[in-house]
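Computed from a predicted model, the values in this text were never measured in an experiment.
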Amino acid sequence: MITEPFPLSAMRGTADFPLPVRLRVLVVDDNRDAADSTAELLTICGASVDVRYDGVAALAAVSAATPDAVILDLTMPELDGCEVARRIRQVAGAGVLLVALTALGDEHNRTRTAAAGFNLHFTKPVDPTELLAVLGEHRKRIANGPAR
């Protein structure tokens, strides 16, 4: 049985997010500490997490097994997050939740992420309760099946 860890209980506040977060999540960031800490949070909260540290590896992971959600940095070598998002949309379609998690929070980059197919754009550091709430809502949508 997975229970809510104490630190999340302390920070939960008024945000409503269902635990455990039973989703397959791909976390992609060339900053290994950022990727690993996000993955650890999600794992503690019940997600099945895969981590990649560059866009090429992320695309290979999506081709091997389509995740329910991808949390993706924008500034990475070779392929930036927007290009990775566009390619994920081509391969996996609209069912995958794409979340930009980046230091770039200006209007120009928010426009770029929207055009690339991201569902959401969070600026680092993200409030963990906001991220978990979004993933929880996505899990509910998946559980309820396609809209009729």
Side-chain angles (χ1 to χ4, degrees), residues 2 5 7-8 11-13 15-147:
I2 297 174
L8 289 177
M11 0 184 233
R12 184 169 182 171
D16 181 32
F17 57 90
L19 287 175
V21 177
R22 289 194 176 104
L23 294 172
R24 294 177 321 260
V25 181
L26 175 62
V27 176
V28 187
D29 196 324
D30 62 320
N31 178 324
R32 289 178 179 263
D33 290 338
D36 293 344
S37 62
T38 301
E40 182 67 24
L41 169 71
L42 298 176
T43 299
I44 288 169
C45 293
S48 173
V49 182
D50 191 6
V51 179
R52 294 293 185 264
Y53 304 109
D54 64 70
V56 174
L59 292 173
V62 170
S63 292
T66 303
D68 298 312
V70 180
I71 299 172
L72 187 57
D73 185 30
L74 295 185
T75 55
M76 294 184 294
E78 291 187 57
L79 293 177
D80 77 350
C82 287
E83 182 59 28
V84 173
R86 278 190 282 279
R87 291 184 189 190
I88 288 172
R89 283 285 179 241
Q90 290 172 350
V91 172
V96 175
L97 178 71
L98 291 180
V99 179
L101 181 54
T102 179
L104 307 174
D106 59 272
E107 194 58 38
H108 169 73
N109 281 294
R110 289 182 180 278
T111 301
R112 284 182 61 226
T113 57
F118 280 94
N119 300 95
L120 294 161
H121 183 125
F122 286 119
T123 303
K124 294 176 183 176
V126 66
D127 179 342
T129 59
E130 290 183 42
L131 182 58
L132 292 169
V134 164
L135 293 173
E137 286 302 313
H138 187 59
R139 187 191 81 186
K140 286 183 199 175
R141 280 192 297 276
I142 290 171
N144 292 334

Backbone of Val96 reached by a side-chain donor or acceptor of Arg89 within 3.5 Å: yes
Sole candidate of Leu41, Thr43, Leu42 that passes side chain to side chain contact (heavy atoms under 4.5 Å, CB included) when paired with Cys45: Leu41
Of the options Val27, Val25, Val62, Leu23, which is the one that meets Pro67 in a side chain to side chain contact (heavy atoms under 4.5 Å, CB included)? Val62
Looking only at heavy atoms, what is the nearest atom pair of Pro77 and Asp30, with distance? CD-OD2, 3.6 Å
Could you measure the distance from the CD1 atom of Ile71 to the OG1 atom of Thr38? Nearest 0.5 Å is fine. 6.5 Å
Thr66 versus Ala92, closest heavy-atom pair with distance: CG2-CB, 3.7 Å
Is there a donor-acceptor pair closer than 3.5 Å between any side-chain N or O of Arg24 and the backbone N or O of Val49? no
If we ignore angles and hydrogens, is there a donor and acceptor under 3.5 Å between the side chains of Arg112 and Asn109? yes
Would you call Arg110 and Glu107 a salt bridge, using N to O less than 4.0 angstrom? no
Charged N to carboxylate O below 4.0 Å: is that the case for Arg22 and Asp68? no
Side chain to side chain donor-acceptor pair (under 3.5 Å) involving Asp33 - partner list, sequence neighbours excluded: none
Heavy-atom side-chain proximity of Val84 to Val28 below 4.5 angstrom: no
When rounded to the nearest 0.5 angstrom, what distance separates CD in Glu130 from CG in Leu120? 10.0 Å
With no hydrogens and no angle check, just 3.5 Å: does a side-chain donor-acceptor pair link Tyr53 and Asp73? no
So, taking the atom named CG in Leu97 and the one named CG in Asn119, what distance separates them when rounded to the nearest 0.5 Å? 4.5 Å
Nearest non-hydrogen partners of Phe118 and Ala100, listed with the distance: CD2-N, 3.2 Å
Which heavy atom in Ala116 sits nearest to a heavy atom in Cys82, and how many Å separate them? CB-O, 3.5 Å
Provide the closest heavy-atom pair for Pro20 versus Gly46 in the form atom of the first, atom of the second, distance. CB-CA, 4.0 Å
Under the rule for side chain to side chain contact (heavy atoms under 4.5 Å, CB included), what residues qualify as partners of Asp50, not counting sequence neighbours? Leu26, Arg52, Ala61
Can you name the residues that form a side chain to side chain donor-acceptor pair (under 3.5 Å) with Thr113, not counting sequence neighbours? His121
